[in-house]
Structure formats: structure tokens, C-alpha cells
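As C-alpha cells, the structure follows; a few thoughts come after it.
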Number of protein chains: 2
Amino acid sequence: MRRRSRKPATAPRKLPVQARSARLVADILEAAVRVLEREGAQRFTTIRVAETAGVSVGSLYQYFPNKQSILYRLQVEEWDKTGATIDAILADAALPPAERLRTMIRAFFHSECEEAPLRNALDAATPDYHAAPESRAKRERSRAILAKFLAAAAPSASSSQRAHGAELVFITMTSVGKQLSERRPSHAEVNRTADAIAGMLTWYLAQLGA
Amino acid sequence: MRRRSRKPATAPRKLPVQARSARLVADILEAAVRVLEREGAQRFTTIRVAETAGVSVGSLYQYFPNKQSILYRLQVEEWDKTGATIDAILADAALPPAERLRTMIRAFFHSECEEAPLRNALDAATPDYHAAPESRAKRERSRAILAKFLAAAAPSASSSQRAHGAELVFITMTSVGKQLSERRPSHAEVNRTADAIAGMLTWYLAQLGA
DNA sequence: CTACGATACGAATAATTATTCGCGTTTGGT
DNA sequence: ACCAAACGCGAATAATTATTCGTATCGTAG
């Protein structure tokens, strides 16, 4: 447990060029997920990851500069996946805005619940991830997408009202989603909560332009 | 870092009987808070706590069976404090329900933000705290208080609707409060968010009995 | 005052950790 | 077939950790 330097690198130290090393990297990432789910964040260990992947620690360290970088890769992949889903739903002009919001929140909550063990372990293992610039950029993009959506959902609101609205939708959605996922709720319970939250947010947005 | 036994004890191993040992325990708890705030959860260490308190590790272990038990004591104290505040506000019959809810959420959010570094570190250091029976009991009591409040706030709702309402108020309040506290928001921003959340919840509760 | 339990101490122990490095093996182009 | 580079290995290293225990000091009851 050597002290981390001020800026823990996340970039791979060496890129896989042959097929076997590409497979090795893939195996390591897959094993990392399994270790997080089986053992939890506390017991997420380079040795355990290497063992689970069926490779040696030395090999692991040829493509990842440190333990953090493995978690970082997983975190980014995870975020990109759910981000794309959300964007697609919000942009679907065939549905009325309220319906889009409801569908999006349902999808988001279900996604959060499905990946709960992984995400919780990631959060516990990388508590400073939110300060990372890449994470900040991702959230900015999300807020931009939400703001565009609000132009349709609350057309008569001022732009500063819309900014506040986007902020509120974002914080409510993400925080309730996270907390909800920690309770292993039933499918029905997720839908009920999602619909309640979506209803409240819809009311709030309608309010904005009044 | 010996493997934790299946049930990590939280009860003190020995009760302080003389004045100096009572002071020692108090010093340790105070130092624990300082260490969490200064160093974070990752670097929260029995040795560091003892050093900061100006006592030796051995003394620490005479009154705390393990590291967890220190964090557990802090967690319980923290919870009791904000719980009492909330209960008092919700029970104040002099104000209309909507106003009570708004005041309570403002107070809760401000409290969350003030103690953010401590609470975040506690959460990171004791990720399994929510499974503890004592924590479960505390949440039950909160929900009971909320349910009683809902009898005044949504008198025409059925009892199962009220249960859902209490659940929604609880999860929304706690989750948004936690996430909000992680951004070091300004006083005004906290009030704005609290009022928006309180407004949405009030609308939702009014809805319930319609 | 005195003796005994309570208290305090902190070096020692045992476990676990992230990360490195030297050496053997495989690959792919020639 | 040959060889340089890429790859894979895992014991060794150095750091840090929680917790114990033998010993020394203190407080107080009698």
C-alpha cells in the first residue's frame, strides 16, 4: 500500500499490440468486475484481480499503471453506457416531454439497480472520482442534454430557470437512483418510485414557466 | 489488517470507571472526528487516531474492541443529533404542514452540508453500516414520525398511500441531501434546492388524497 | 501509608497490500 | 529458421495495517 502520488495516472502504461495481450487486458477488466461483485471494494486487490483473470500480477502491471486505473476504466465504461441510453430517450421527439422524462427515469433507475453492486463498489473504491476532470466533463454533457430537453418541456421558462430546472432534475434523478439501488427493490417498486419522481419533476417543470 | 470476524463487535470492551479514562475516551472520539476530516476515510487509522488524541494505541484498544467501533459510535451520535432536530420541526403543530416540511428539509440539507466531510468519510469507512440492526431501527423510527406527519399533511389519503408517501419523502430527502452536500453548495443554493424539493413533495402529498 | 486494581504505554506481531524487476517464453516479420 | 521485440511470469520488496501483551505508572479504598 505505497502512498499514492499527487496525480495517480489513469492512462495505460503500455498499449497491447499483439492479440494475446489485448485478450489479457480484456480478461483483466472482466475479472475486475467479478472481483468487485464477489468480494466488494474493500477486498478489491490487484493480486485477486490477476488471479481471477488467470494472469500474473506482473502482466497486469504492464498495461495498468496502478490499481486505480483499472477502476477508472470500469467507471468510465459504465458511465458511457447509461449516458447513451438516457440521451437517446430524451431526444425521441415522437413522445411528449412528460412521457420522455418518465421513460428516461424508469430506464435510469432500472439500470442503476441492475449494476448496483458494481457501482457501489466502484464508488467505495474510488471516492475521489467525482473530482476527476473527465467525470466533470461527462456531467457537463449530461446537463447540456437535459437543458436542451427542457427547451421542449418548459418552453416558457427563462434560460436561468431552465438551468436551475436541469440542475434539479439531474440531482434528484441521480441521487434517488443511487439510494434506491442500495435497497435491492422489486421491479414494481422501482417503477412506482420512478413514476412518482417523474411526476413531481414534471409538475415542477410545468411550474417553471407559469 | 487482520481479517474481521463475522460479527465485528461495536460494544466497548471495557467501561471507563475513573475520571482519566473517561477523558481518554472523549479525547479519542474527538480525535477521530479530526482525523476523518483532515485525512479522509482511507487514512483513518487507529494509530493516527491515538496519536491525534495524544494517547497510545494500547489505551485506545482498552475501550474500543476494534477500529469499526469508533466509527460506529460517531455514526450513531451524528444520526441522533439530526434525527432529533427533524422530529421537533415536524411535530410543531403551530405551522401548516407544507411549511413544516419546507423548514424541515431546509434544516436537514443545511445539517448535511455542514457535516459533509465527516459524514462522507464515515460512509466511506463503514460501507456496511446500513445493514446494522441499530441503523435499521433508527430509520424505522424516522419513517414512523414521517407517517404521523403525513396524517396531517395528506388526511384524505389511504394508509397504504401514506406509507408510500412517507417512503418517497424519506428517500428523496436523504438522497438529495447527501448528494447536495458533496458539492459544497452556497447557503442560497441549499435553500433554493430545499424549497424546490419541498414544493415537489408537497404537491405529491396533496395529490395523494385526490 | 499501602497494596491492588485500573490505567496507560508502545514495541512487537502477524497479516495484507501495491508495485517492481529480472528472467524465461512467445510472436511475427524476414 | 532466426531474432528482436513483445509478452508473461511470480518471488521479492517495502510499506502500512489492526491488534496484542508484557510492563510500568497511577488512583484510591482500607
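In what follows, chains carry the letters A, B, and so on, assigned in the order in which the sequence lines appear, proteins first and then strands, with residues in each chain numbered from 1.
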**OP:** Sugar-phosphate atoms are those with a prime plus P, OP1 and OP2; base atoms are the rest. Using that split, label each nucleotide of nucleotides 3-12 of chain D B, S or - for protein heavy atoms under 4.0 Å, 5' to 3'.
**Re:** ---BSBBB--
Check residues 74-81 of chain B and write down every donor-acceptor pair under 3.5 Å in which the side-chain atom is one partner and the other belongs to a residue at least two apart or another chain.
residue	atom	partner	partner atom	Å
Gln75(B)	NE2	Thr126(B)	OG1	3.3
Asp80(B)	OD1	Lys138(B)	NZ	3.2

Taking atom [atom2] of [N] as reference, at what distance in whole Å does atom [atom1] of [X] sit?
| X | N | atom1 | atom2 | answer |
| --- | --- | --- | --- | --- |
| Arg48(B) | dG10(C) | CZ | C1' | 17 Å |
| Lys67(B) | dT17(D) | NZ | P | 9 Å |
| Arg23(B) | dA8(C) | CZ | P | 12 Å |
| Leu71(A) | dT17(C) | CG | P | 14 Å |
| Arg43(A) | dA15(C) | CZ | P | 14 Å |
| Asn66(A) | dA15(D) | CG | P | 18 Å |
| Leu60(B) | dT20(D) | CG | P | 12 Å |

Original post:
Base, sugar-phosphate, or nothing for Thr46(A), non-hydrogen atoms under 4.0 angstrom?
Top reply: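 Here Thr46(A) touches the bases of the nucleic acid.
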**OP:** With sequence neighbours left out, write down each residue that passes ring pair (Phe, Tyr, Trp, His ring centres under 6.0 Å) with His110(A), or none if nothing qualifies.
**Re:**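 Ring pair (Phe, Tyr, Trp, His ring centres under 6.0 Å) check on His110(A) returns His187(A).
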**OP:** Taking salt bridge (charged side-chain N to carboxylate O under 4.0 Å, His left out) as the test, write out the residues that go with Glu51(B), two or more places apart.
**Re:**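 With neighbours one apart ignored, the set is empty.
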Subject >> Any residue meeting salt bridge (charged side-chain N to carboxylate O under 4.0 Å, His left out) with Asp27(A), in chain and number order, not counting sequence neighbours >> reply: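 With neighbours one apart ignored, the set is Arg23(A).
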**OP:** Could you tell me whether the phosphate oxygens of dT19(C), OP1 or OP2, come under 4.0 Å of any side-chain nitrogen or oxygen in Tyr61(A)?
**Re:**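 For dT19(C), OP1/OP2 do have a side-chain N/O of Tyr61(A) under 4.0 Å.
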**OP:** Using the ring of Phe64(A) (Phe, Tyr or Trp, six-membered ring only), decide whether Arg73(A) places NZ or CZ under 6.0 Å from its centre and within 45 degrees of its axis.
**Re:**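 No, Arg73(A) does not lie over the aromatic ring of Phe64(A).
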Subject >> Contacts of Tyr61(B) that satisfy side chain to side chain donor-acceptor pair (under 3.5 Å) - sequence neighbours left out >> reply: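 Partners of Tyr61(B) under the side chain to side chain donor-acceptor pair (under 3.5 Å) test: none.
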